Amino acid sequence: MEIYLDNNSSTPIDERVLAIMENVYLHSYGNADSRTHNHGERARTIVENARKQVASLLGINSSEVFFTSGSTESNNIAIQGLEEYAIETNKKHIITSAIEHKSVLETIKMMKKKGFDVDIVNPGLSGQVNAQEILDKVREDTLLVSIMHVNNETGIIQPVDILGGELEKRNVLFHVDATQSCGKLVEEIRNLKYNMLSFSAHKLKGPQGVGVLVLRKKRYRLPPVKNIMYGGQQEHGIRPGTIPVALVAGCGEACEIAEDEYKENSRKLKSLKGTLEQLLNDSGADYHYNGEQNCCIDSTVNICFKGVMSEALMLSSKQYCSVSNGSACTSKSYSPSYVLEAMGIPVEDIESSVRISWEPETNKTEFIDNVSKMIEIAKSLAV
Ligand code: PMP
């Protein structure tokens, strides 16, 4: 059987998370906003418990946690939700990077059409954006800087720690898309300074279809983010619509498990990365890593196999490994990765690149067997 090595797209659900969710679906089926009966009250208790679990993982107050349908929605609210404040304060300058997820880039592109002024910085070949370059672009009317914590295609960690401290001094709002780091870089996120942060539960072994927008309070006040959808007052009006109690419970449980196990998980991820590096090193294949590996998270690599078309490699090794060559959201039709393009990687190398992403429970023996077969196929396809 093929091994699943596309965990940056979505992780398998943890059985303990699924058990909690099943219990909620079967026994706690009320609406968390029904005030008039015990079923509603029980559902509300589950939601508030999940909020505490998320807050504990992130080291924040639970009143700063807002449940959404996932990172795409969280990113949209964090950015679009600032429009009213931007108009009131006449701050309409936004800075972001060319390697953000499309849910950030496309949202900011839409803001540009509405008259916002946008600066987009490129990373270097390292895959990392330069914090100073971003800070140099900050102006009197800068509303927002939006930079991801870890890039989904390369695994490269961005300098959000430096940016957080400096942007706070400059009084500029800072949004961090932490979709690929939440539950993994736990202490780093706890020490980060930011105003808004997004993540999706399904990237940390929780269910698909639920995520979080964190709004950090400053002197008891939330950042000036407004709802972008209209309806009920759920999630303080930030995200109207019936709260999906079982999904939220699953999100909370995934966060609690991540908090309990991240140190051990981190060791497992690192060990798998070492194994992969060794396999590649010993294989005799002509390859190189995309992005500076000293800044790369231990769960991802993006590799260029010289002279191998990645589409051919993925098809030929499909029975051994499920990997990808771009983010799932843009991979329906093949076009060269915009992330690798922005890094300045030549097109022929982009076309020869694949992303491999694993999770702590990835079986090491299967990993070695199947990845070895993929590497052999890569060698045979090289021209
Ligand atoms: N941001 C990043 C960095 C991601 O990797 C993803 C998912 N690929 C998203 C945002 C969007 O997450 P979702 O599809 O769960 O909304």
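Order of listing sets the numbers, starting from 1, for every ligand and every atom in it. Everything numeric here is computed off the predicted structure, so don't read it as measured data.
- Between the Ser200 side chain and the Ser71 main chain, a donor and an acceptor come within less than 3.5 Å of each other.
- Ligand 1 has no N or O atom lying under 3.5 Å from any N or O atom of Ser9, backbone or side chain.
- Of all atoms in ligand 1, numbered sequentially from 1 with element shown, those under 4.0 Å from a heavy atom of Thr179 are 1 (N), 2 (C), 3 (C), 4 (C), 6 (C), 10 (C).
- Atom CD of Glu84 has 12 or fewer neighbouring heavy atoms from other residues, nucleotides or ligands inside a 6.0 Å radius.
- The heavy atom nearest to atom 13 (P) of ligand 1, out of those in Gly70, Ser200, Ala201, is found in Ser200.
- Contacts between Asp177 and ligand 1, counted as non-hydrogen atom pairs separated by less than 4.0 Å, involve the side chain only.
- At a threshold of 4.0 Å, the pair Glu83-Lys226 does not count as salt-bridged, since none of the basic side-chain nitrogens sits closer than that to a carboxylate oxygen.
- Looking only at side-chain heavy atoms (C-beta outward), Ser198 and His175 come within less than 4.5 Å of each other.
- Here the side chains of Lys92 and Asp141 are not in contact, with every heavy-atom distance at 4.5 Å or above.
- Each of Val339, Ile345, Asp349 was evaluated against Asn290; a single residue qualifies, Ile345, per the side chain to side chain contact (heavy atoms under 4.5 Å, CB included) test.
- Residue contacts with ligand 1: Gln208 is excluded, as none of its non-hydrogen atoms falls under 4.0 Å.
- With a heavy-atom cut-off of 4.0 Å, Glu73 does not touch ligand 1 at all.
- The shortest N or O to N or O distance between Asn75 and ligand 1 is not under 3.5 Å.
- Under 4.0 Å from ligand 1, heavy atoms of Ser71 appear from its side chain as well as its backbone.
- A salt bridge is absent between Glu261 and Lys268; no separation between the charged side-chain nitrogens and carboxylate oxygens falls under 4.0 Å.
- Counting heavy atoms under 4.0 Å from ligand 1, residue Met148 touches it through the side chain alone.
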